[in-house]
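Everything quoted here is computed from the prediction, not taken from an experiment. Values below: all heavy atoms of this structure, side chains included; hydrogens, waters and symmetry mates excluded.
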Amino acid sequence: MTQRTHDEPHGGALGSRLNWLRAAVLGANDGIVSTAGLVVGVAGATDSRSALLTAGLAGLLAGSMSMAAGEYVSVSTQRDSEKAALALEKRELREQPEAELRELTELLQERGLSREVAREAAEQLTARDALRAHARVELGIDPDELTNPWHAAWASFLAFTVGALLPLLAIVLPPAGLRLVVTVLSVLAALALTGYSSARMGSAAPGRAVVRNVAGGALAMAVTYAAGALLGAAGA
């Protein structure tokens with residue numbers, strides 16, 4: 001009889017995968033939308049290729065650095081919290097081991113084990129590695145896989161840069177009469193792709209993610225183009 005298999009992610013693997021996915025998708029989407037909004041807004045005011053290139057490059061560099069710095073600060077705070085929680089748990093295990101054993105037993109009971117089985121499992125886990133057992137069961141932390149702020153920062157930097165390059169190239173490479181159309185269509189297609197990919201990788205239905213991404217990008221470009229056109233008409 002053929003053994004059935006399934007490949008849906010579980011536990012910590014899913015959490016780690018979704019964290020990386022979150023940083024990559026947010027970075028790419030921000031890069032696409034913010035840079036597209038910027039260059040489309042400038043295109044509403046002027047058709048100067050040099051002005052569009054300057055604005056796009058400035059937006060790319062500022063946005064990628066901002067994303068990287070923000071992600072680094074955010075993940076560093078999370079890592080500090082994880083380390084503090086582990087340090088507290090280590091001290092509690094040293095100072096009151098019996099109370100911690102009872103706590104672990106109760107946590108295992110809450111997961112469906114009987115009192116006797118939970119007690120035996122808690123004792124075995126404590127004997128093997130008490131801190132790791134409490135970190136995983138009580139805190140939901142894997143001491144061997146703490147979040148890395150540098151990884152998150154570089155992921156956001158690269159994702160934003162890749163996303164921002166699309167509208168930047170789309171606005172400066174085509175002839176003047178096609179710039180806006182090429183940029184809008186390219187951006188909307190890219191946002192549909194990132195929305196679909198993020199939903200599929202996160203095991204979610206892609207429809208809503210695609211609609212959200214495309215609608216948000218379209219609105220951003222419409223607003224900035226209108227503002228640029230008004231400023232251009234006013235000679236600002």
Asp30 meets the side-chain contact (heavy atoms from CB on, under 4.5 Å) criterion, sequence neighbours left out, with Met67, Phe160

To check you understand the geometry: which heavy-atom pair defines the closest contact between Leu52 and Ala43, and what is its length? CD2-N, 3.6 Å

Name all residues meeting the salt bridge (charged side-chain N to carboxylate O under 4.0 Å, His left out) criterion together with Arg136; count only those two or more places apart in sequence or in a different chain, and write none if there are none. Asp142

Where do Pro149 and Ser76 come nearest, in terms of heavy atoms and distance? CB-OG, 3.2 Å

Side chains of Asn148 and Val75, heavy atoms from C-beta outward: is any pair under 4.5 Å? no

Of all heavy-atom pairs linking Ala190 and Leu166, the shortest is CB-CD2, 3.2 Å

Using modelled atom types only, decide if a donor and an acceptor are shared between the side chain of Thr194 and the backbone of Leu191 within a distance under 3.5 Å. yes

Between Val210 and Ala192, what is the shortest heavy-atom contact and its length? CG2-O, 3.6 Å

Quick one: list whatever passes side-chain contact (heavy atoms from CB on, under 4.5 Å) with Gln96, sequence neighbours left out. Glu92, Ala99

Out of curiosity, Thr126 OG1 to Leu101 CG, how far, rounded to the nearest 0.5 Å? 5.0 Å

Show every ring pair (Phe, Tyr, Trp, His ring centres under 6.0 Å) that has at least one partner inside residues 53-108, sequence neighbours left out. Tyr72-Trp150

With sequence neighbours excluded, residues passing salt bridge (charged side-chain N to carboxylate O under 4.0 Å, His left out) with Asp129: Arg132

Let me confirm one number: the CD-CG distance from Glu120 to Leu125, rounded to the nearest 0.5 Å. 10.5 Å

Taking it one step at a time, do Leu93 and Lys90 satisfy side chain to side chain contact (heavy atoms under 4.5 Å, CB included)? CA-CA 5 Å; Leu93 285 168; Lys90 185 175 183 179; 5.6 Å; no

Does Pro206 have any side-chain contact (heavy atoms from CB on, under 4.5 Å) partners at least two apart in sequence or in another chain, and if so, which? Tyr196, Ala199, Arg200

Hydrophobic cluster membership, with links at side-chain heavy-atom distances under 4.5 Å among I/L/V/M/F/W/Y: are Val33 and Leu188 in one? yes

Enter the distance from Arg91:CZ to Leu131:CG here, rounded to the nearest 0.5 Å. 13.0 Å

Tyr225: which residues meet the ring-ring contact (aromatic ring centres under 6.0 Å, His included) condition with it, sequence neighbours left out? none

Non-neighbouring partners of Arg128 that pass side-chain contact (heavy atoms from CB on, under 4.5 Å), sequence neighbours left out: none

Are Leu53 and Leu60 connected, step by step, through hydrophobic side chains (Ile, Leu, Val, Met, Phe, Trp, Tyr) whose heavy atoms are closer than 4.5 Å? yes

With side chain to side chain donor-acceptor pair (under 3.5 Å) as the rule and sequence neighbours excluded, what pairs involving residues 178-193 come up? none

On a heavy-atom basis, which atom in Gly195 and which in Ala209 lie closest, and how many Å separate them? O-CB, 3.4 Å

Are Leu193 and Val214 connected in a single hydrophobic cluster, I mean Ile/Leu/Val/Met/Phe/Trp/Tyr linked by side-chain heavy atoms less than 4.5 Å apart? no

Say whether, by atom type as modelled, one donor and one acceptor occur between the side chain of Ser66 and the main chain of Ala62 under 3.5 angstrom. no

Name each donor-acceptor pair under 3.5 Å that joins a side chain in residues 107-114 to protein atoms two or more places apart or in another chain, with its distance.
from	atom 1	to	atom 2	distance (Å)
Gln109	OE1	Arg115	NH1	2.9
Arg111	NH2	Val137	O	3.1
Ser114	OG	Val117	N	3.3

Side chain to side chain donor-acceptor pair (under 3.5 Å) filter on Thr46, not counting sequence neighbours, yields none

Does Leu57 share a hydrophobic cluster with Ile171, counting links as ILVMFWY side-chain heavy atoms below 4.5 Å and allowing steps through other members? yes

Glu123: salt bridge (charged side-chain N to carboxylate O under 4.0 Å, His left out) partners, not counting sequence neighbours: Arg119

Kindly give the heavy-atom pair with the smallest separation between Val42 and Ala55, and that separation in Å. CG2-CB, 3.8 Å

For Thr224 and Gly37, indicate whether the former's side chain and the latter's backbone hold a donor-acceptor pair under 3.5 Å. yes

Applying the 4.5 Å side-chain criterion to the ILVMFWY set and letting contacts propagate, would Met221 and Leu178 be lumped into a single cluster? no

